[in-house]
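Take a look at the structure set out below.
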There are 2 protein chains.
Amino acid sequence: MTPSTTIEPVFDRLLQVAVEVFAECGFRETTVREICSRAHVNVASVNYYFRSKEALYSQALAFAFRETNRLYPQDAALDKSLPPEQRLAVFINNSLHKLLDDNQLGLHSKLIAREIADPTNALDDIMETALVPQIALLEDIIRLILKEPVDKVIVQRCLLSILGQCLMFKHSRSIIDRLYPELIADAAAIQASAEHIAQFSLAALSRLTLPKEQTTP
Amino acid sequence: MTPSTTIEPVFDRLLQVAVEVFAECGFRETTVREICSRAHVNVASVNYYFRSKEALYSQALAFAFRETNRLYPQDAALDKSLPPEQRLAVFINNSLHKLLDDNQLGLHSKLIAREIADPTNALDDIMETALVPQIALLEDIIRLILKEPVDKVIVQRCLLSILGQCLMFKHSRSIIDRLYPELIADAAAIQASAEHIAQFSLAALSRLTLPKEQTTP
DNA sequence: GCTTGTATTAAACAGTTGTTTAAAATGATT
DNA sequence: AATCATTTTAAACAACTGTTTAATACAAGC
């Protein structure tokens, strides 16, 4: 048995390269041979260390989730001493950078986004461990902003509204690249986009709590 | 043996089945044998009528766009005599039904959403003919709602906010299915979700035009 | 009849896929 | 040095891929 404290070079290299290639090409389009070629290991290594290509994918996905949450922790959004409006802004800004950072490790979110858009059997395992906590956090923040207690489905719909605005930048990246490339040109632009989403969402939330006075004040 | 009930030519049958299978499995996972099998034609037919599998995909994608715009025309949203707030609500409701209708022809939007999330070479051809007009329409409506003239990028960001909320229901369907399946259970739920998006967005838009100091009444 | 052009077919092609095998290399323990 | 389990390797496997081929079927025109 290999001690869990010492890292296995081939195993680790395989996992990292797998995230890279799976994120780039998707599950089906990536070949085991491509992964092994980039990792400079034999083709049989995948079936030796992992049971199969599918098992490697599953582990790579879990690894990607762990990495994103390690590199982009939601500490400030979890800080209950801050006003919820600020926590929401932090959550959105953090999520957007998580999704859009293209430097080397944006691959993790790319793989995750791909899995969400076109799920495989591995999704269910991931949901519980990594996605549900994020959702719960956002739900809490929304509930705090909508001070008075509201129907559960309203909170859920608001959550989807906010999350949808964020995920747009990942799932519909192809459209944004073609229509408004300047909106995600650099880090400053991304931050500005995040601020817009926060502002847009806070405006909507604060309006929803008010009684049904129509557009004319 | 000639099919007595369906006298549809092989070309048309191939195109329809292609939309179905490509939407279900994506470009790469789809095999021409599967398409031909479901269409009850020989394997060579794809290369006979269309040049290649890729050409068939390209034509299937264009066909899907034509069909969605035929089945869900944006007439009411185009009606310039209506108030822009109502036109926005119609646009959103129409888009959401377009995206979520699973009856037989929701396949078209499924194929399109797949292409947006994971674009192939065929996307650029489609953008111009089918997507840009929809975007332009939404841009116009937003500009009307934000009465006073605002910066171009603000309109663009608001457009992405609204579009993101709609596309969420398609691109992240896997998440919604697992977290809040009741939100898209039936046509009534979909309509309610559409009304929420419209309300959420209108609230945000009307707030964005006002000065920001109005947090507490 | 025959010819001509199109449509359809079964079979084969050439390449790639994930996976397995069985031999060889490695490294620690005796 | 010999034994043992573990790791690495090249090669082969069987199945599947998109595409092509060459033989056929079929209709219309002469």
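A note on names: the letters A, B, ... follow the listed sequences, proteins ahead of strands, and every chain is numbered from 1. For the numbers below, each heavy atom of this structure counts, side chains included, while hydrogens, waters and symmetry mates do not.
Counting only residues at least two apart or on different chains, the ring pair (Phe, Tyr, Trp, His ring centres under 6.0 Å) pairs with a member in residues 156-178 of chain B are H171(A)-H171(B). Residue pairs meeting the salt bridge (Lys or Arg N to Asp or Glu O under 4.0 Å) criterion with at least one member in residues 25-49 of chain B, sequence neighbours excluded: E20(B)-R38(B), E24(B)-R38(B), E34(B)-R38(B). The stretch residues 42-64 of chain B participates, sequence neighbours left out, in these side-chain hydrogen bond (donor to acceptor under 3.5 Å, both in side chains) pairs: Y57(B)-E115(B). For residues 154-164 of chain A, there are no salt bridge (Lys or Arg N to Asp or Glu O under 4.0 Å) pairs, not counting sequence neighbours.
Phosphate proximity of dT8(D) to Y48(A): absent, as no side-chain N or O sits under 4.0 Å from OP1 or OP2.
Interatomic distance, L111(B) CG to F27(B) CZ, rounded to the nearest 0.5 Å: 11.5 Å. Considering CG of L88(A) and CG of L144(A), their distance stands at 11.0 Å, rounded to 0.5 Å. Rounded to the nearest 0.5 Å, atoms CG (L179(B)) and CG (L159(A)) are 8.0 Å apart. The CG atom of L96(B) sits 5.5 Å away from atom SG of C166(B), with the distance rounded to the nearest 0.5 Å. For the atom pair CG of L208(A) and NE2 of H196(B), the computed distance is 7.0 Å after rounding to the nearest 0.5 Å. With rounding to the nearest 0.5 Å, the separation of CZ in R87(B) from CG in N94(B) is 13.0 Å.
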Hey, what are the protein-to-nucleotides 23-28 of chain D N/O distances that come in under 3.5 Å?
none

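On the nucleic acid side, DNA chain C has its first and last nucleotide under 4.0 Å of a heavy atom of chain A at dT17(C) to dT21(C), going 5' to 3'.
Across all strands shown, Y49(B) has heavy atoms under 4.0 Å from sugar-phosphate atoms exclusively, and none from any base.
Looking at heavy atoms from C-beta onward, M168(A) lies out of side-chain contact with Q165(A) at the 4.5 angstrom threshold. A heavy-atom distance below 4.5 Å is found between the side chains of Q156(A) and K152(A).
Rounding to whole angstrom units, CG of residue N47(B) and P of dT19(D) are separated by 5 Å.
If you check residues 19-28 of chain B against DNA chain C, you find no residue with a heavy atom closer than 4.0 Å. In the region residues 53-64 of chain B, proximity to DNA chain C at under 4.0 angstrom, judged on heavy atoms, holds for none of the residues. Of the residues in residues 29-46 of chain B, those lying under 4.0 Å from DNA chain C by heavy-atom distance are R33(B), N42(B), A44(B).
Take Y180(B) and apply the ring-ring contact (aromatic ring centres under 6.0 Å, His included) test, not counting sequence neighbours, and it matches no residue. Residues passing the side-chain contact (heavy atoms from CB on, under 4.5 Å) test with A18(B) are F22(B), I35(B), L56(B), A60(B), sequence neighbours excluded. Applying the side-chain hydrogen bond (donor to acceptor under 3.5 Å, both in side chains) criterion to R178(A), with sequence neighbours excluded, gives D124(B).
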